[in-house]
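In what follows, a structure is listed as structure tokens, so that the remarks can point back to it.
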Amino acid sequence: MNSISATFKEKKLKLTPQRIAVYKYLQSTKEHPSAEVIYKALQEDYPTMSLATVYKALKTLVEVNLVQELNVGEGNFRYDGNVEPHPHIQCLSCGKVDDICNITFKNLNQEVAPYTEYEVVSNQVYFYGICKDCK
């Protein structure tokens, strides 16, 4: 939890119990939950926390780069506690999203740069398929 404390102190942001709870939840799971899933998971321990508070906590955690926001095309975002650059894969049948580890695209920004007039600062790579449980 040192990284969240240090980051919030450095950014001069208030470290609330709700922000800590959302961050800890995302650090404790390999799933890529939506705000609604996080809200339901935290309800028992934080019965007074609203869904709006979860959204606000996620927005702040994304802004300070402690959480990664994923848009796999479902109309809502999912969140990942692992902010290291890595691709994701989504099952087209059940919707599950997994990390693809041991593959990085750290050179992709430099490889793309000659083909555009943009200064490329980041990327997100998504793959889609059918998971082993749905085959």
(message) According to ring pair (Phe, Tyr, Trp, His ring centres under 6.0 Å), does anything in residues 109-135 pair up with another residue at least two apart or in another chain? List the pairs.
(response) none
(request) Could you pull out all residues at least two apart from V62 that satisfy side-chain contact (heavy atoms from CB on, under 4.5 Å)? (result) V67, E69, Y79
(message) I'd like to check the side-chain contact (heavy atoms from CB on, under 4.5 Å) partners of S28; sequence neighbours left out, ordered by chain and number.
(response) Y25
(request) First locate atom CG of L66, then atom CD1 of I4, and finally report the distance between them rounded to the nearest 0.5 Å. (result) 6.0 Å
(request) May I ask you to list the residues sharing a hydrophobic cluster with V121, side-chain cutoff 4.5 Å, ordered by chain and number? (result) none
(message) Quick one, L92 with I130, criterion side-chain contact (heavy atoms from CB on, under 4.5 Å). Give me CA distance, side-chain angles, the key distance, then yes/no.
(response) CA-CA 6 Å; L92 294 170; I130 306 297; 4.0 Å; yes
(message) Under the rule for side-chain contact (heavy atoms from CB on, under 4.5 Å), what residues qualify as partners of N82, not counting sequence neighbours?
(response) D80, E84, H86
(request) For side-chain hydrogen bond (donor to acceptor under 3.5 Å, both in side chains), just list the numbers for H88 and D98, CA-CA rounded to whole Å, side-chain angles, deciding distance to a tenth of an Å, and then say yes or no. (result) CA-CA 6 Å; H88 294 89; D98 285 314; over 6 Å; no
(message) Restricting to non-hydrogen atoms, name the atom on A35 and the atom on L58 that form the minimum distance, rounded to 0.1 Å.
(response) CB-CD1, 3.6 Å
N/O donor to acceptor pairs below 3.5 angstrom from side-chain atoms of residues 38-47, sequence neighbours left out:
unit_1 : atom_1 : unit_2 : atom_2 : d
Y39    : OH     : Q43    : OE1    : 3.4

(message) For the CG atom of L13 and the OG1 atom of T60, what is their distance to the nearest 0.5 Å?
(response) 6.5 Å
(request) Would you check, one step at a time, whether the test side-chain contact (heavy atoms from CB on, under 4.5 Å) holds for C131 with S93? (result) CA-CA 8 Å; C131 74; S93 181; over 6 Å; no
(request) Taking salt bridge (Lys or Arg N to Asp or Glu O under 4.0 Å) as the test, write out the residues that go with R19, two or more places apart. (result) none
(request) Report the residues that fulfil side-chain hydrogen bond (donor to acceptor under 3.5 Å, both in side chains) with N71, sequence neighbours left out, ordered by chain and then residue number. (result) none
(request) For T53 and M49, indicate whether the former's side chain and the latter's backbone hold a donor-acceptor pair under 3.5 Å. (result) no
(request) For residues 26-39, pull every pair meeting salt bridge (Lys or Arg N to Asp or Glu O under 4.0 Å), keeping only residues two or more places apart or in separate chains. (result) none
(message) Run the side-chain contact (heavy atoms from CB on, under 4.5 Å) test on N107 and N109 for me, step by step, so that the C-alpha distance in whole Å, both residues' side-chain angles and the decisive distance to 0.1 Å come before the verdict.
(response) CA-CA 6 Å; N107 296 324; N109 292 353; over 6 Å; no
(request) Return yes if some donor-acceptor pair links the side-chain N/O of H32 with the main-chain N/O of R78 below 3.5 Å, else return no. (result) no
(message) Show every salt bridge (Lys or Arg N to Asp or Glu O under 4.0 Å) that has at least one partner inside residues 109-129, sequence neighbours left out.
(response) none
(request) Identify, with sequence neighbours excluded, every residue that meets side-chain contact (heavy atoms from CB on, under 4.5 Å) alongside Q27. (result) Y23
(message) Per the salt bridge (Lys or Arg N to Asp or Glu O under 4.0 Å) rule, what does the pair list look like for residues 123-135, sequence neighbours excluded?
(response) none
(request) Can you see which heavy atom on P87 is nearest to which on I103, and at what distance? (result) CD-O, 3.3 Å
